[in-house]
Every structure is written in structure tokens, then in C-alpha cells.
There are 2 protein chains.
Amino acid sequence: MSANSRLTVAAHTLTWIGLYQRRGHEVATSEQIAASVNTNPVVIRRLLAQLRKAGLTDSRRGVGAGWMLSRNLSAITLLDVYEAVEPGPIFALHRSAPDPECVVGHGIAPAMTAVYDGIEATLRKELAGTTLEDVLQNVLNAT
Amino acid sequence: MSANSRLTVAAHTLTWIGLYQRRGHEVATSEQIAASVNTNPVVIRRLLAQLRKAGLTDSRRGVGAGWMLSRNLSAITLLDVYEAVEPGPIFALHRSAPDPECVVGHGIAPAMTAVYDGIEATLRKELAGTTLEDVLQNVLNAT
DNA sequence: CCATATTGTAACTGTAATGGTTACGATGGC
DNA sequence: GCCATCGTAACCATTACAGTTACAATATGG
């Protein structure tokens, strides 16, 4: 499908900040997070800016700058993160509209849309069932 | 997500063949299908070749060549089609492995994998609940 | 055994998404 | 005013996707 890693990296990032704050630190820098994720700090800053727009994080500038969570890990579900970083749907319809004169060409888009809508709804329900606190606990139990 | 249209086009294609056969025709050509889908016949042939590999279609060469279904529409679920045309998973893990020295970097992949596996399983269950006969009926009822 | 319609497949192209990288101005506490 | 860090634009390499051209392989009817 050409899946991307944004949900994974976003969950990693937020969980990292949450654990870091829990250990008594005020803010986390994009450089620290990038070291854990093994990527470039700009990639993390871009992601965190999206998450801030969604109200999940906040940032501080100047000396002592860095990032913090806007809410507790237990108050952030994977659905929140998903909606913040994944704009589009999972399945796409036709690239260019099919022949409207053909019965199938005319009716296939609404038919598939109905199926896809059901799938997206189920996906959301599933994502909403896991909080980042759950993820952190799972991480800490991973030996 | 950069979703692709393969499941949509594959469902369209198979439904079209099913209806065409139901109307008394032996085989459908990639050109006819491409006209309904509004794309290039080669795109359809490539797709149909994948579906044939999955045992959903069959083809005939020479004069009177074309494509036919291997099973009835009611015996093909969207999961069959999905598995035939979508190789990869929906969500990807990190592009390059995170820092294994970091607690989060070490445990995040298995944690997210558990979530993703659950989602894929649910997705499959959902897709398995709809047959192409259902899709065709939906299409025919779309006025 | 030839003419013909169509499959089968390789090769190339344009477009877009993804993520990595560099660069540099903006910020704000010290 | 210094300095660490954010904020963001710009650019690049890689890859996926779908469209297109081209042409050999096939097999049937005449």
C-alpha cells in the first residue's frame, strides 16, 4: 500500500516525551527525540508541529526551549494521534471518474464508499481503544 | 496516506465481468473493462493477471480471447480481492530502526505491531463480510 | 497456413508522497 | 547581547502508482 510510518513515529515521540516528563524533566528537545527515533530533528519538529495543531503538544522557545505534552498520556488515544498525522482515507476511489453510462461505472463508487466508510469507522473505534499510557505500559513490559 | 485505487478498480473489474457474463457473454476483454473503468487496457490486464494468480479469474488467448471469473461473484469476498492486490500492511514501522539503548526505542516496535496486527485482523473480518455479489446488488440498486 | 484479435509483459514516463537534509531567521531567558 | 532551540522553507533521493507505448505470443476461423 505504500504505508507511511507517521503514526508509529508520532506514538514513539509522544510516549518518549511522556516518559521523560514522568522522570522529572520539564521539556524534551527535538534532538533528543530524534536520537531515540533515529531520524533527523527536523522530521520530529515537523511532526510535533502537527501534533501541536491538534492540541496534543506544546512548545517553548528561546533558552530552555523544547516540547511538552498538552495532556497526560492516558488522555491521548491512538485515534487522536492518527487524526493529527493522517489526513487521507485508507482506500482511494478511481483516479479518474469511470464511465457514467455504464451501470457498473455509475454505481461502483457509492457502493465501495459505503464499504470504505464502514472500515474507517471500525478502524477509528479500534484506535480509540488504545491510549498512549497503554502503549507506554506495553513498552515498559517489553523487557 | 497516499492510498491507492487498486481495490476499487479490482472490485469494479470483477463486478463488470460478472454482470457481463450474467448477460450471456463468454468472456470480457480488457479493452471493454478499461472503457468502463476509464483507464488504459494494460492497467486492467496487469490487475487481472494478479487476480488470476490468486485464482479469481482466468483468461483465454488467441481469437475470441478475453477474461472470465473463476468463481461466482457470490463466492468472492472483498478480502479475497484485497489479498490479491494489496501486498503490504496499512501502517509501517520506523524507516530505520530506533535506538535500541532507549527504553522507548527498544519497546515501541513490538507495542505498535500488536496494535497494527489487531487492526489488520479487524479489517480483514470487515472485508470478508462483503461479497462481490453484494457489491453488484448495491450497484444495481444505485438507480 | 495465414490473417486477426487479444493476451502477456517489458520498458518507460509523469506525478505525488515520504522522509531526510541544509539553511537560516525568530525567540526569549540568562 | 549570547546562545540553544524552535519554526519553516527549500531542496533532494527514493519509491509507489498509474498511464502509455510497443511488440511478441497465442490460437482460432477462414
Side-chain angles (χ1 to χ4, degrees), chain A residues 1-10 12-13 17 20 25-53 57-68 70 85-98, chain B residues 1-10 12-13 17 20 25-53 57-68 70 85-98:
Chain A
M1 169 84 71
S2 112
N4 65 53
S5 61
R6 278 204 292 265
L7 183 57
T8 301
V9 173
H12 184 155
T13 296
I17 299 175
Y20 195 63
H25 302 274
E26 279 274 320
V27 298
T29 70
S30 61
E31 193 161 0
Q32 295 172 314
I33 300 166
S36 171
V37 174
N38 188 17
T39 184
N40 192 293
V42 174
V43 173
I44 300 298
R45 289 207 288 273
R46 274 200 294 237
L47 235 186
L48 281 169
Q50 284 191 273
L51 295 169
R52 181 181 49 203
K53 210 177 298 178
T57 58
D58 216 339
S59 62
R60 205 186 275 171
R61 308 185 69 171
V63 174
W67 298 83
M68 65 207 81
S70 296
V85 302
E86 291 288 359
I90 296 183
F91 297 108
L93 294 180
H94 306 73
R95 224 182 229 207
S96 46
Chain B
M1 168 85 73
S2 108
N4 65 52
S5 62
R6 278 206 292 266
L7 182 57
T8 300
V9 173
H12 184 155
T13 296
I17 300 175
Y20 195 64
H25 301 274
E26 279 274 318
V27 297
T29 70
S30 61
E31 192 159 2
Q32 294 172 313
I33 301 166
S36 170
V37 174
N38 189 17
T39 184
N40 193 291
V42 174
V43 173
I44 300 298
R45 291 207 286 273
R46 275 199 294 237
L47 235 185
L48 281 168
Q50 285 190 271
L51 295 168
R52 181 180 50 204
K53 212 177 294 176
T57 58
D58 216 339
S59 63
R60 205 186 272 172
R61 309 184 66 170
V63 173
W67 298 83
M68 66 207 81
S70 296
V85 302
E86 291 289 357
I90 295 184
F91 297 108
L93 293 181
H94 305 71
R95 223 183 229 204
S96 47

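Here is how names work: the chains are called A, B, and so on, in the same order as the sequence lines, proteins then strands, and each is numbered from 1.
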Please report the distance, rounded to the nearest Å, between [atom1] in [X] and [atom2] in [N].
X       : N      : atom1 : atom2 : value
A/Leu47 : C/dT18 : CG    : P     : 12 Å
A/Leu93 : D/dC17 : CG    : C1'   : 16 Å
B/Phe91 : C/dG19 : CZ    : P     : 13 Å
B/Glu31 : C/dT4  : CD    : P     : 17 Å
A/His12 : C/dG19 : NE2   : C1'   : 16 Å
A/Glu26 : D/dT5  : CD    : P     : 15 Å
A/Ile44 : C/dT21 : CD1   : P     : 12 Å
A/Arg60 : C/dA26 : CZ    : P     : 23 Å

Check this one for me: any side-chain N or O of [X] less than 4.0 Å away from OP1 or OP2 of [N]?
X       : N      : answer
A/Thr29 : D/dC6  : no
B/Ser59 : C/dG8  : yes
A/Thr39 : C/dG20 : yes
A/Arg52 : D/dG7  : yes
A/Arg45 : D/dT8  : no
B/Arg6  : D/dC17 : yes

Among the nucleotides C/dG28, D/dC6, D/dT21, whichever has the atom closest to the side chain of B/Val42 is D/dT21
Per atom distances to the B/Val43 side chain, the nearest of D/dG7, D/dA18, C/dG8 is D/dA18
- Just by modelled atom types, is the A/Ile44 backbone N or O under 3.5 Å from a matching donor or acceptor in the A/Ser30 side chain? no
Give a yes or no answer on whether the side chain of B/Ser70 reaches the backbone of B/Thr57 with a donor-acceptor pair at less than 3.5 Å. yes
Practice prompt. Kindly indicate whether the side chain of A/Ile33, heavy atoms from C-beta on, has any atom under 4.5 Å from the side chain of A/Leu48.
Written response: yes
Does any donor atom in the side chain of B/Arg52 or B/Ser59 lie under 3.5 Å from an acceptor atom in the other side chain? yes
Taking any heavy-atom pair under 4.0 Å as a contact, classify A/Asn40: base, sugar-phosphate, or nothing.
base
(request) Just call it for A/Arg46: base, sugar-phosphate, or nothing, with non-hydrogen atoms closer than 4.0 Å on any strand. (result) base
All heavy atoms of A/Pro98 vs all of B/His12, minimum pair found to be CB-CE1, 3.7 Å
Confirm from the modelled atom types if B/Arg61 and D/dT26 form a donor-acceptor pair under 3.5 Å, side chain to base only. no
Of B/Ala49 and B/Val63, the one whose closest nucleotide on DNA chain C sits nearer the 5' end is B/Val63
